[in-house]
Amino acid sequence: MARRRNAAQTTLLKGNITSFSVLAVSLLVALFLAYPAFYPTTDNSNSNSNMCTSAACNATEERELLPTNVTPIHYDLLLAPDLDKLTYTGKVSIKLRINEATDKIVLHANELEIKDAHLASAAFEAEATSIAFEKDDETLHLAFAQQVPASSEATLTISFSSVLNDLMVGFYRSTYTDAEGDVKFMATTQFEPTDARRAFPCWDEPMQKATFDITLRVKEQLVALSNMDVSKTESTGDGLKDVSFNTTPIMSTYLLAFVVGELEYIEAETSGKHNGRPIPCRVYTTPGKSEKGRFALDVTVKVLEYYADVFGIAYPLPKLDQIAINDFESGAMENWGLITYREVALLVDEENTSSRAKQQVAYVVSHELAHQWFGNLVTMEWWSELWLNEGFATWVGTLAVDYVFPEYHVWTQFLVDEFQRALALDALRSSHPIQVPVRRSSEISQIFDAISYSKGGSAIRMLSSYIGLEAFFKGIRAYLQKHKYANASTANLWSALSDASGADVTKFMALWTQTIGYPILTVTEAEDGSRIHVQQNRYLSNGKATDAEDQTVWWVPLGVSTSETRTQNSSEVLTSREATLDTDVSDAKWYKLNKDTVGIYRVKYPPGAVANLAKAISAGDLDINDRIGIIADSASLASSGHSNTSDFLTLLRAYDRETEFVVWQEIVLRIDALQSVWGAGAEETRNRLRDMCCKLFSPLVKRLGWEPTEKGEDSLVSRLRALAIRGAGLAGDKEVIAEVNRRFSAFFAGNKSVFTTDTLRTAFAVAVRNGGRDEFEKVKSYYLDSENPVDQKLAALSCLGFTTDPALVDELL
């Protein structure tokens with residue numbers, strides 16, 4: 001599932017408004033609104049009581065599960081949604097395996113009205129003598145007059161009804177406005193993690209897999225979708241029809257889906273090269289939007305074949321549908337064969353969508369398609385293994401985008417978007433391990449965060465780099481083949497990868513998945529400069545860890561490179577608290593640990609080594625990933641007090657000739673953080689920081705200009721131009737501000753060509769920061785215009801936070 005949106009998106013700072021605090025506000029809004037990869041609304045900063053905080057988290061949690069006296073085998077489910085009354089009725093017949101003789105059955109149900117329950121077996125048929133709910137456990141308790149014998153089968157039939165809620169969970173209603181301006185409804189689902197029970201009574205746990213026959217009774221003119229292809233459609237009279245779908249493979253309840261509404265679609269087929277047959281793929285939308293799904297559809301048909309190749313298993317369902325939902329909590333949800341998305345995560349307006357948003361669509365689609373194998377075909381055994389789904393999909397989704405769009409350089413962007421995000425969160429005392437013990441369903445939402453996704457994906461990246469992609473995918477193919485249509489654990493994955501690589505993956509990766517945090521490696525040099533000594537300690541963003549917090553000794557791939565061996569990646573690994581390395585650096589102009597910034601750790605070098613790295617950066621001797629890693633580490637160490645801020649600012653001078661967008665992206669994030677810290681400081685300090693930004697960004701604006709230099713310009717060049725204009729304009733470059741204002745006026749006078757899809761956001765931010773109510777109202781009007789692309793509307797909304805007028809801030813709040 002693509003990450004959820006954080007409620008902090010609307011928590012803006014009030015009171016003492018400064019230019020830097022408003023900048024921080026706007027950055028928060030941009031992070032949580034502009035892109036469809038979001039985190040849950042749960043705040044974990046002070047609620048760590050249910051999470052393991054040490055290596056002891058490898059102990060099996062005492063899970064609160066349903067009784068095992070019966071096991072579901074097959075569901076036959078009929079649902080009849082009424083989009084006028086916003087209610088639905090349903091009937092489910094569940095074939096059960098009776099494991100123990102019993103006269104009581106407990107299953108999940110939440111916010112459902114149960115009309116009757118009936119149990120039939122070879123021995124008897126009977127109505128339930130008692131129907132009771134346990135609200136706290138979200139369970140339905142049924143009692144019968146006599147026992148059904150063990151080692152037999154029975155069918156439990158339940159009739160029920162409920163509302164199509166407006167909570168964006170379970171079976172719910174979504175609204176949209178049609179071309180005539182009328183508000184319309186559609187019915188859709190969101191079951192992960194535990195809301196299938198809101199739609200129908202079921203055994204709502206990942207290990208309780210079964211097959212499903214779904215029938216949707218809907219109005220004749222409506223489209224009905226579910227996980228499988230349609231088996232038959234029959235008219236039932238009164239303007240209704242029953243749409244029945246073929247039987248699903250054995251699967252978990254949280255992966256079911258059904259959608260009903262006025263829909264249109266575009267379609268294409270995969271090549272069939274690796275799947276053995278062409279896979280029909282469709283993108284569904286509300287009327288008038290289907291062509292905006294063309295980009296996502298093109299990505300889909302390529303990535304489905306790519307995954308069939310690298311996973312060694314064909315896509316197992318007869319079709320793949322994807323649908324854009326107007327009201328949708330997550331970025332997307334990987335329902336098997338029917339993936340649901342927030343509109344901004346699936347739809348692309350080729351003329352108006354920014355290159356960043358377009359790339360994000362490619363990633364989210366690839367992420368969800370990865371789940372069709374890793375999560376759906378093989379499912380985690382329990383929610384404590386969530387990272388198995390999300391960490392792997394984060395990594396392999398990036399791999400797929402790199403395959404389809406190598407020009408995006410997504411692995412470099414991974415360092416900023418995922419790797420650094422993970423390190424920032426995991427440096428907090430309130431963090432948690434990748435693997436989190438989950439005892440009951442109410443705890444699950446706490447782990448849909450950057451640790452499960454970003455640190456999980458970064459751990460997979462580190463491991464795959466160490467053992468090599470060939471061995472890694474050999475292990476993945478063995479893992480999927482062995483556990484397909486079943487459930488698996490992290491231990492199962494490590495075992496498969498150990499067998500494939502010959503390395504004891506279980507031993508060293510357990511430290512990374514079961515332990516909070518990561519290390520800082522402190523480097524010292526021998527007196528003669530021939531050898532380097534490395535010591536590891538836990539890194540915390542607010543200072544040095546205490547002895548009690550610094551107990552873990554991580555397995556750390558060092559990846560030492562030097563000016564003499566810059567294309568090689570050392571295989572040395574640190575497995576003790578400290579060690580002197582074998583690598584001879586006496587003849588090297590520079591040396592660096594963590595080549596390509598693959599390992600999950602920070603590095604603190606002695607001053608001489610930092611100076612040498614700065615020279616190498618200035619001379620262009622270091623690869624892009626290493627340049628990003630060095631500046632990120634330097635800024636983080638300055639922020640945490642492990643080094644001085646002046647060290648970071650001195651190192652920053654080495655980047656004055658930098659040409660790569662992603663490096664500048666990391667620099668901007670670090671400078672913005674620095675400015676927010678000093679925002680309430682002395683005016684002289686703020687002015688010096690602004691002057692520094694002008695010196696960094698104004699030359700970039702002059703070099704890149706305001707218009708693309710050629711048709712089909714590299715999207716990263718376009719984004720760098722926008723970033724440079726933003727940096728210079730927000731720092732007070734009068735020439736840049738004047739040009740922004742000139743183009744801003746022309747834009748709202750009707751000349752839309754004055755901004756590219758990438759510079760539009762930048763211009764709005766600069767105009768609002770340096771303007772007044774007029775600029776604010778114009779950007780606000782752009783946000784409120786329903787005709788504008790969703791990603792650009794959200795960009796406009798985030799730019800409103802750049803105002804420095806307290807009255808406008810109050811209005812915005």
Side-chain angles (χ1 to χ4, degrees), residues 54-55 415 419-420 422-423 426-427 431 433-434 455 458-468 472 494 497-498 501-527 529-540 544-545 547 549-562 564-566 568-586 588 590-606 608-610 613 625-626 629-630 632-634 636-637 640 642-643:
S54 73
L415 290 183
F419 183 83
Q420 297 299 334
L423 266 60
D426 207 29
S431 185
I434 291 175
K455 188 182 179 184
S458 296
I460 291 292
R461 176 173 174 258
M462 179 173 67
L463 173 60
S464 63
S465 176
Y466 180 73
I467 67 174
F472 182 81
W494 294 159
L497 292 172
S498 295
S501 65
D504 191 350
V505 173
T506 302
K507 181 179 179 179
F508 56 76
M509 286 306 294
L511 289 168
W512 288 104
T513 60
Q514 297 175 3
T515 307
I516 286 179
Y518 59 89
I520 174 176
L521 302 190
T522 302
V523 180
T524 55
E525 298 174 355
E527 290 186 7
S530 62
R531 294 286 188 274
I532 55 177
H533 184 84
V534 180
Q535 177 176 314
Q536 63 163 298
N537 300 94
R538 183 181 174 187
Y539 174 79
L540 289 172
K544 185 178 179 181
D547 291 342
E549 294 168 324
D550 191 19
Q551 296 296 307
T552 303
V553 177
W554 281 274
W555 173 91
V556 184
L558 294 173
V560 181
S561 61
T562 74
E564 309 304 312
T565 62
R566 56 179 295 187
Q568 300 175 21
N569 191 349
S570 166
S571 60
E572 287 183 283
V573 176
L574 182 65
T575 58
S576 57
R577 176 66 67 183
E578 55 186 300
T580 299
L581 306 188
D582 293 334
T583 304
D584 188 344
V585 298
S586 56
W590 54 264
Y591 62 85
K592 182 188 180 295
L593 275 64
N594 202 8
K595 178 170 173 54
D596 295 327
T597 315
V598 171
I600 304 174
Y601 54 90
R602 302 281 186 202
V603 183
K604 180 181 179 181
Y605 297 97
V610 174
L613 286 171
N625 287 9
D626 290 323
I630 289 170
D633 282 358
S634 179
S636 296
L637 297 181
S640 62
H642 288 85
S643 65

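It should be emphasised that the depicted structure is a prediction, and the values quoted were computed from it without experimental measurement.
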Checklist line | Side chain proximity check, Lys592 to Thr597, heavy atoms < 4.5 angstrom | finding: yes
Next item on the list: Specify the closest pair of heavy atoms between Asp504 and Ser498, including all atoms of both residues, with the distance to one decimal.
Entry: C-OG, 3.9 Å
Note to self: On a heavy-atom basis, which atom in Asp426 and which in Ser431 lie closest, and how many Å separate them?
What the structure shows: OD1-OG, 2.6 Å
Item checked: Closest non-hydrogen atom pair between Glu572 and Asp582, with its separation -> OE2-N, 3.0 Å
Notebook entry, point to check: Do Arg602 and Asp633 sit within salt-bridge range, that is, some charged N less than 4.0 Å from a carboxylate O?
Noted result: yes
Check: Hey, what's the ring geometry for Tyr466 with Phe508, parallel, tilted or perpendicular (30° and 60° as the breaks)?
Finding: perpendicular
Check: Are side-chain heavy atoms of Val610 and Leu613 found at a separation under 4.5 Å?
Finding: no
Margin query: Quick check for you: to the nearest 0.5 Å, what is the distance between Ile532 atom CD1 and Thr562 atom OG1?
Written below: 9.5 Å
Check: Which heavy atom in Ser464 sits nearest to a heavy atom in Arg461, and how many Å separate them?
Finding: OG-O, 3.1 Å
Notebook entry, point to check: Could you state the interatomic distance from CG (Asp626) to CG (Asn594), rounded to the nearest 0.5 Å?
Noted result: 8.0 Å
Notebook entry, point to check: Atom NZ of Lys455 and atom CG of Leu423: how far apart are they, to the nearest 0.5 Å?
Noted result: 8.0 Å
Next item on the list: Report yes if the distance between the aromatic ring centroids of Tyr539 and Tyr601 is under 6.0 Å, otherwise no.
Entry: no
Next item on the list: Decide yes or no for Val556 and Val534: does some side-chain heavy atom of the first lie under 4.5 Å from some side-chain heavy atom of the second?
Entry: no
Check: So how far is it from Thr522 OG1 to His533 NE2, rounded to the nearest 0.5 Å?
Finding: 9.5 Å
Checklist line | Heavy-atom closest contact (Leu581 atom, Arg531 atom, distance) | finding: O-CD, 3.1 Å
Item checked: Candidates Asn625, Val598, Asp596 - the one meeting side chain to side chain contact (heavy atoms under 4.5 Å, CB included) with Leu415 -> Asn625
Notebook entry, point to check: Can you tell me how far CE of Met509 sits from CD1 of Ile467, rounded to the nearest 0.5 angstrom?
Noted result: 9.5 Å
Next item on the list: For the residue pair Ile520 and Leu637, establish whether any side-chain heavy-atom pair is separated by less than 4.5 Å.
Entry: yes
Notebook entry, point to check: Nearest 0.5 Å, what's the OG-NZ distance between Ser636 and Lys604?
Noted result: 13.5 Å
Item checked: Trp512 side chain to Trp555 backbone, donor-acceptor under 3.5 Å -> yes
Next item on the list: Would you tell me whether Tyr591 and Thr583 have side-chain atoms, one donor and one acceptor, within less than 3.5 Å of each other?
Entry: no
Note to self: Is the shortest side-chain heavy-atom distance between Arg538 and Trp554 below 4.5 Å?
What the structure shows: yes
Checklist line | Heavy-atom pair of closest approach, residues Ser530 and Ser586 | finding: CA-CB, 3.8 Å
Notebook entry, point to check: Within a strict 4.5 Å, meaning less than it, do heavy atoms of the Thr515 and Pro433 side chains meet?
Noted result: no
Notebook entry, point to check: Is there side-chain contact between Val523 and Pro606, with at least one heavy-atom pair below 4.5 Å?
Noted result: yes
Next item on the list: Applying side-chain hydrogen bond (donor to acceptor under 3.5 Å, both in side chains), name anything that partners Ser576, two or more places apart in sequence or on another chain.
Entry: none
